[in-house]
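Throughout, numbering of the chain's residues begins at 1 and tracks the sequence.
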Amino acid sequence: MVTNDVLGVAHSLLLKTPDLRDDHMHVVSICLFVFLLCACIVFGHLLEENRWMNESITALLLGLCTGVVVLISSNGQSSHVLKFDEELFFIYLLPPIIFNAGFQVKKKEFFRNFIAIMLFGVIGVFISFAVISTGSWYLFPKLGLNLSMRDILAIGVIFSATDSVCTLQVLNQDETPLLYSLVFGEGVVNDATSVVLFRAVQSYNFDRFSPLEDLQIGCNFLYLFSSSCILGIASGLISAYIIKTMYFGRHSTDREIAIMILMAYLSYILAELFYLSGILSVFFCGIVMSHYTWHNVTENSRTTTRHSFATMSFIAETFIFLYVGMDALDLDKWKTTQSSFKESAGLFGSLMCLILLGRAAFVFPLSALSNYSTKSPGAKINLRQMIIIWWAGLMRGAVSIALAFNQFTQGGDAKTSKQATSMVTTINIVLFSTIVFGTATKPLISWLLPPHLRSNYGDSAGLSPKVSLDVDFHMPLLMDTEHDGNGTNDRTVISQILHGLPRPQSIGMLLTAPRSTIHYVWRKFDDAYMRPMFGGRGYVRLMSRRSMDIPEENEDLEDEDQN
């Protein structure tokens with residue numbers, strides 16, 4: 001009887017052995033990938049001062065080298081350590097990247113250049129999308145790749161999503177505040193717009209092609225854009241109200257940090273639940289949290305949240321670039337393509353030319369339009385800056401990869417030759433654009449904007465609100481109210497100046513009108529209604545004194561603003 005029981009247990013263990021082996025190999029894969037992430041951080045730090053390298057390129061090259069080693073050790077079976085899943089990207093990796101972008105954005109510069117950023121990030125995506133889609137529809141059949149209209153439009157969206165990480169790593173927001181704000185703001189808004197447009201294209205009904213369908217896709221885009229923004233703003237305001245009224249910091253800073261992280265992630269998940277854009281939702285949630293919620297928490301929570309969000313975003317970006325480097329050596333995709341070298345090279349060259357043309361088609365005209373819409377010398381974009389903005393958007397990265405996996409794979413694998421060809425071409429363009437354009441970014445900026453020119457470009461844009469008041473009236477939308485030594489509020493000075501401003505009598509005058517009116521109205525509304533309810537700067541000092549029993553005479557008169 002005992003012998004039979006022992007045999008039964010041994011038999012059951014033998015049956016479970018394959019599962020145990022699979023679990024063990026999964027743990028080994030995760031361990032190796034964590035090691036690679038650590039190696040990327042170390043090499044990225046060592047190469048930080050290198051003229052040609054940056055962290056994104058380091059991760060790509062390390063991924064390529066690891067892919068070669070894995071491919072050799074597996075006898076050509078696989079080049080991956082882990083298998084990519086687009087849901088992994090959209091649910092776990094993308095939210096911290098976009099939220100940190102909104103949380104760390106310099107609100108003053110962002111809203112000061114809001115018109116130019118929205119022109120590049122929204123209108124520019126549609127122009128680039130039209131150029132790439134039209135060119136692909138005309139050229140691809142001649143190169144042996146016949147795709148459906150939905151796939152052609154998807155390619156137009158995929159290659160309209162920019163990745164400005166390499167450029168931002170070499171730009172200094174203190175030396176070139178205008179350029180940094182434009183590149184950073186356009187990159188985030190561009191990614192959000194691309195994902196929303198991609199969702200709209202996927203829901204497009206090509207069986208009943210009519211002008212009404214064109215109107216429907218436009219209305220669907222506007223609905224997704226506005227609804228996602230409202231959801232993100234609401235989530236940020238709710239988190240600010242909860243933290244302001246409940247004083248979590250009296251007992252534990254962990255609760256403050258947890259509620260901020262969970263509310264930010266909840267805004268993303270709710271947007272995905274209601275088929276909205278999680279990117280837009282979590283981005284605007286980050287902006288609202290940095291304006292209200294962040295000022296309601298204790299000093300310890302402020303420091304922790306700022307570095308925690310940046311760390312999560314950095315790890316997620318490094319993870320994606322590592323995998324892209326490995327995926328470039330996926331032999332299954334190369335075997336499934338069934339395309340000759342000439343056809344593959346033709347597709348690659350055609351798409352690169354379309355990306356260059358589509359980028360130029362909106363950067364230079366929209367820059368001229370932005371210059372027309374402002375009279376401030378510090379907010380105008382000169383030709384050198386236009387070239388850098390054009391160059392910054394030529395690189396393709398994480399969002400392009402994720403959208404391509406979503407469109408052309410099932411479970412991470414391409415099932416048909418057309419899908420495999422599209423995926424291989426996308427990966428090659430991401431690799432080429434990141435490595436080639438990324439390595440040339442530092443020399444290009446050094447050549448176009450030498451140090452003596454950078455300071456000149458940054459002077460007018462980087463002035464403090466008091467100093468710039470006498471120079472121009474194009475003030476930041478979210479500028480904090482300043483007080484002089486006599487306690488006089490700058491709003492009084494602003495209101496006196498506003499009485500002398502000309503009222504716009506035409507569309508042209510409206511476009512070129514000073515933005516101080518918008519700033520004044522917003523600040524008045526914010527001070528009267530928003531801050532008393534949701535907190536923010538000016539209320540955090542009182543909350544900190546109550547929660548931590550700090551005497552009023554030992555506190556600073558003003559808390560340092562995050563941005």
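- Partners of A234 by side-chain contact (heavy atoms from CB on, under 4.5 Å), not counting sequence neighbours: none found.
- Side chains of L347 and L351 form no contact here, defined as non-hydrogen atoms less than 4.5 Å apart.
- Note on ring orientation: taking the six-membered ring where Trp is involved, the planes of F120 and F362 are tilted (angle from 30° to 60°).
- Pairs of residues two or more places apart, or lying in two chains, that qualify as side-chain hydrogen bond (donor to acceptor under 3.5 Å, both in side chains) and include a residue from residues 352-361 are E186-R359.
- Closest heavy-atom contact between S160 and F129: OG-N, 3.3 Å.
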Atom pairs and distances, donor-acceptor, side-chain atoms in residues 89-99, under 3.5 Å, two or more places apart:
none

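- A donor-acceptor contact shorter than 3.5 Å is absent between the side chain of S133 and the backbone of A130.
- Between the side chain of R150 and the main chain of Q202, a donor-acceptor pair closer than 3.5 Å is present.
- Residues satisfying the side-chain contact (heavy atoms from CB on, under 4.5 Å) criterion with L357, sequence neighbours excluded, are V131.
- L61 approaches I435 most closely through the heavy-atom pair CD2-CD1, 3.9 Å.
- Applying the side-chain contact (heavy atoms from CB on, under 4.5 Å) test to N428 and every residue at least two apart in sequence or in another chain returns W334, F348, V424.
- Qualifying side-chain contact (heavy atoms from CB on, under 4.5 Å) partners for T134, counting only residues two or more places apart in sequence or in other chains: none.
- Side-chain atoms of T426 come within 3.5 Å of backbone atoms of S422 as a donor-acceptor pair (strictly under, hydrogens ignored).
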Next on the checklist: Apply side-chain contact (heavy atoms from CB on, under 4.5 Å) to residues I355 and R396 and explain how you reach the verdict.
Outcome noted: CA-CA 10 Å; I355 291 172; R396 298 297 178 263; 3.2 Å; yes

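- Here the closest non-hydrogen pair linking L448 and I388 is CD1-CG1, 3.8 Å.
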